[in-house]
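Atom set for the values below is all heavy atoms of this structure, side chains included, hydrogens, waters and symmetry mates excluded.
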Amino acid sequence: MGITSLDNTFVASTYGRFPIELDHGKGAKLIDTNGKEYIDMGTGIAVNVFGVCDDEWTAAVKAQLNKLAHTSNLYYTEPCAKLAEILCEKTGMKKVFFSNSGAEANECAIKTARRYSFKKYGEGRSTIVTLKQSFHGRTVTTLAATGQDSFHTEFGPFTEGFVYAEANNASSVIDLAKSNNACAVMMELVQGEGGVMRLDQAFVTAVAEYCNKNDVLLIIDEVQTGNGRTGSLYAFEQFGIKPDIVSTAKGLGGGLPIGATMFGEKTKDVLTPGSHGSTFGGNPVCCAGAYNIISRIDSKLLADVKAKSEYIFKELNGAKGVKSVSGMGLMIGIETEKDAKEVVAACQEKGVLVLTAKTKVRLLPPLNITVQELEKAVNVIKECVK
Ligand SMILES: *Cc1c(COP(=O)(O)O)cnc(C)c1O
């Protein structure tokens with residue numbers, strides 16, 4: 001049997017895969033089993049920060065593989081400690097818990113917020129306000145945190161203690177936080193899966209101020225927006241806020257699975273020995289790869305991300321067939337006149353891989369995509385949307 005039939009027969013049918021069997025690649029270039037080349041404007045959903053097979057990242061991962069691949073969290077290892085240090089140094093956060101995915105990073109954030117509040121205020125202060133159109137993961141609890149009804153059928157009962165406020169409506173968040181005696185507000189600063197919707201600065205400022213004044217923890221989900229994607233290491237930096245907890249994953253490992261939950265001053269010692277854990281969390285190989293990624297997201301790269309972002313906005317805003325362009329940095333949503341799925345298929349045909357988010361076409365290219373590749377991809381997209 002070929003790859004496609006094997007997969008369709010033996011892999012659980014949770015994904016609507018495209019009719020493409022990817023085989024190998026370099027940077028933003030991917031090659032399928034027929035030898036067809038594609039420019040990758042999706043990076044495995046914001047994961048491959050420096051594209052695939054990046055030389056430096058591959059070398060860092062290989063070096064660690066040749067030393068030690070796994071130890072359990074009963075012992076200390078250098079990559080885990082060094083990654084936590086560089087994350088704290090670069091973000092101002094104080095401590096980090098490592099897991100293996102975005103959903104787990106959010107689970108840890110939720111557990112931490114509830115424990116913080118329980119220890120300080122006792123029972124009955126455990127609700128978390130999240131936003132409508134949010135996405136926080138696929139576990140039963142992170143689905144409960146996700147403010148989209150379509151995720152809340154058939155898998156119930158869900159974890160209690162989540163209420164959903166209107167994005168960009170501060171009084172909606174504040175009213176729900178008050179009436180539910182909330183312990184935390186959790187949100188993405190650019191709602192990725194919800195349609196690449198950037199939150200308004202005034203809304204974010206107002207929510208952050210309310211949280212700060214009322215000892216309601218502010219949890220920012222940077223699973224998709226993090227790791228250089230929006231033009232700063234983490235998007236919260238550009239909103240001028242100081243979250244109590246930041247979760248991230250996707251791009252952090254540069255292609256290997258790792259999640260991180262970062263704690264600020266208030267939350268850094270909430271989790272104590274035995275209160276939380278993960279067998280693979282802090283895996284040395286994943287941490288060595290992640291350290292390489294985080295150490296290379298510097299001001300030069302971030303300026304480049306912003307320049308590339310401006311180029312994409314300029315080219316697509318007002319282009320024929322484009323209704324609007326949204327997002328931040330290299331996380332971009334395009335509202336098209338044509339059906340987004342049709343645009344995706346047409347782009348694939350012409351050798352460009354793009355994604356969708358709700359009814360939009362979504363772009364998440366490698367941060368180091370070359371100008372030539374980017375221009376080529378944007379021209380194909382313009383051709384396919386008109
Ligand atoms: C992808 C995503 C998640 C879930 O991450 P997984 O690694 O798939 O568990 C959570 N939050 C946001 C904002 C995401 O984009």
Return each pair, listed once, that meets ring pair (Phe, Tyr, Trp, His ring centres under 6.0 Å) where at least one residue sits in residues 298-335; pairs must be two or more places apart or across chains.
-> none
In short, ring pair (Phe, Tyr, Trp, His ring centres under 6.0 Å) pairs touching residues 58-109 with sequence neighbours left out are H70-F280, F97-H276
Hey, which of Q201, E222, M197 is the one that makes side chain to side chain contact (heavy atoms under 4.5 Å, CB included) with L189?
-> E222
Indicate, with yes or no, if V163 and V216 share a hydrophobic cluster defined by side-chain heavy-atom contacts under 4.5 Å among Ile, Leu, Val, Met, Phe, Trp and Tyr.
-> yes
Does Y164 share a hydrophobic cluster with M187, counting links as ILVMFWY side-chain heavy atoms below 4.5 Å and allowing steps through other members?
-> no
Kindly indicate whether the side chain of [X], heavy atoms from C-beta on, has any atom under 4.5 Å from the side chain of [Y].
{"X": "N8", "Y": "S5", "value": "no"}
{"X": "Y291", "Y": "E78", "value": "no"}
{"X": "L316", "Y": "V385", "value": "no"}
{"X": "T279", "Y": "S72", "value": "no"}
{"X": "L87", "Y": "V246", "value": "no"}
{"X": "L233", "Y": "I294", "value": "yes"}
{"X": "V196", "Y": "E335", "value": "no"}

With Q224, which of Q191, R229, E193 fulfils side chain to side chain donor-acceptor pair (under 3.5 Å)?
-> E193
Among K119, K120, R114, find the one that has a side chain to side chain donor-acceptor pair (under 3.5 Å) with Y116.
-> K120
Mind checking the [atom1]-[atom2] spacing from [X] to [Y]? Nearest 0.5 Å is all I need.
{"X": "I174", "Y": "C211", "atom1": "CD1", "atom2": "SG", "answer": "8.0 Å"}
{"X": "S299", "Y": "K306", "atom1": "OG", "atom2": "NZ", "answer": "10.0 Å"}
{"X": "C286", "Y": "L83", "atom1": "SG", "atom2": "CG", "answer": "10.0 Å"}
{"X": "N48", "Y": "C53", "atom1": "CG", "atom2": "SG", "answer": "9.5 Å"}
{"X": "L176", "Y": "T127", "atom1": "CG", "atom2": "OG1", "answer": "10.0 Å"}
{"X": "S171", "Y": "E166", "atom1": "OG", "atom2": "CD", "answer": "10.0 Å"}

Flag, side chain of K338 to backbone of C384, donor-acceptor distance under 3.5 Å = yes
Look only at the side chain of Q64 and the backbone of V61, and say whether a donor-acceptor pair between them is shorter than 3.5 Å.
-> no
Side-chain donor-acceptor contact under 3.5 Å, T4 with R17 | no
Is the closest side-chain donor-acceptor distance between S99 and E104 under 3.5 Å?
-> no
What's the verdict on side chain to side chain contact (heavy atoms under 4.5 Å, CB included) for S134 and E188, showing C-alpha distance, side-chain angles and the deciding distance?
-> CA-CA 7 Å; S134 59; E188 305 150 86; 3.5 Å; yes
Going by the salt bridge (Lys or Arg N to Asp or Glu O under 4.0 Å) test, which pairs reach into residues 87-101, not counting sequence neighbours?
-> K95-D269
Can you run down the salt bridge (Lys or Arg N to Asp or Glu O under 4.0 Å) pairs that involve residues 288-297, sequence neighbours left out, and say none if there aren't any?
-> D54-R296, E56-R296
Could you walk me through whether K26 and D55 pass side chain to side chain contact (heavy atoms under 4.5 Å, CB included), step by step?
-> CA-CA 9 Å; K26 185 79 192 163; D55 291 336; 2.6 Å; yes
Any residue meeting side chain to side chain donor-acceptor pair (under 3.5 Å) with E209, in chain and number order, not counting sequence neighbours = none
Quick one: side chain to side chain donor-acceptor pair (under 3.5 Å) partners of T230, sequence neighbours excluded?
-> Q238
Sidechain N-carboxylate O distance under 4.0 Å for K300, D304 = no
Before accepting this row, confirm whether a basic side-chain N of the pair K382/E315 lies closer than 4.0 Å to the acidic partner's carboxylate O.
-> yes
Sequence-distant partners of F203, ring-ring contact (aromatic ring centres under 6.0 Å, His included), two or more places apart | none
Side-chain hydrophobic cluster, 4.5 Å single linkage: members besides L143 = F135, V140, F151, F155, F158
Co-members of the apolar cluster containing M1 [side chain, <4.5 Å] | L6, F10
Between I381 and I334, does a side chain to side chain contact (heavy atoms under 4.5 Å, CB included) hold up when you go through it step by step?
-> CA-CA 10 Å; I381 294 163; I334 315 163; 4.2 Å; yes
So does K308 have more than 12 non-hydrogen atoms from other groups sitting under 6.0 Å from NZ?
-> yes
Sequence neighbours left out, cut at 3.5 Å: what donor-acceptor pairs do the side chains of residues 35-47 make with other protein atoms?
from: K36; atom 1: NZ; to: Q348; atom 2: O; distance (Å): 3.1
from: K36; atom 1: NZ; to: E349; atom 2: O; distance (Å): 2.8
from: Y38; atom 1: OH; to: D32; atom 2: OD2; distance (Å): 2.9
from: D40; atom 1: OD1; to: G42; atom 2: N; distance (Å): 2.9
from: D40; atom 1: OD1; to: T43; atom 2: N; distance (Å): 3.0
from: D40; atom 1: OD2; to: T43; atom 2: N; distance (Å): 3.2
from: T43; atom 1: OG1; to: A46; atom 2: N; distance (Å): 3.2
from: T43; atom 1: OG1; to: L364; atom 2: O; distance (Å): 2.6

Distance-only donor-acceptor hits, side chain of residues 352-361, under 3.5 Å, sequence neighbours excluded:
from: K358; atom 1: NZ; to: Q148; atom 2: OE1; distance (Å): 2.3
from: K360; atom 1: NZ; to: G195; atom 2: O; distance (Å): 2.9
from: K360; atom 1: NZ; to: S326; atom 2: OG; distance (Å): 3.1

Dump the intermediate steps for side chain to side chain contact (heavy atoms under 4.5 Å, CB included) on K266 and L217, then the final yes or no.
-> CA-CA 9 Å; K266 276 187 187 176; L217 297 180; 4.0 Å; yes
So which pairs with a foot in residues 243-264 pass side-chain hydrogen bond (donor to acceptor under 3.5 Å, both in side chains), sequence neighbours left out?
-> N106-S247, N227-T248
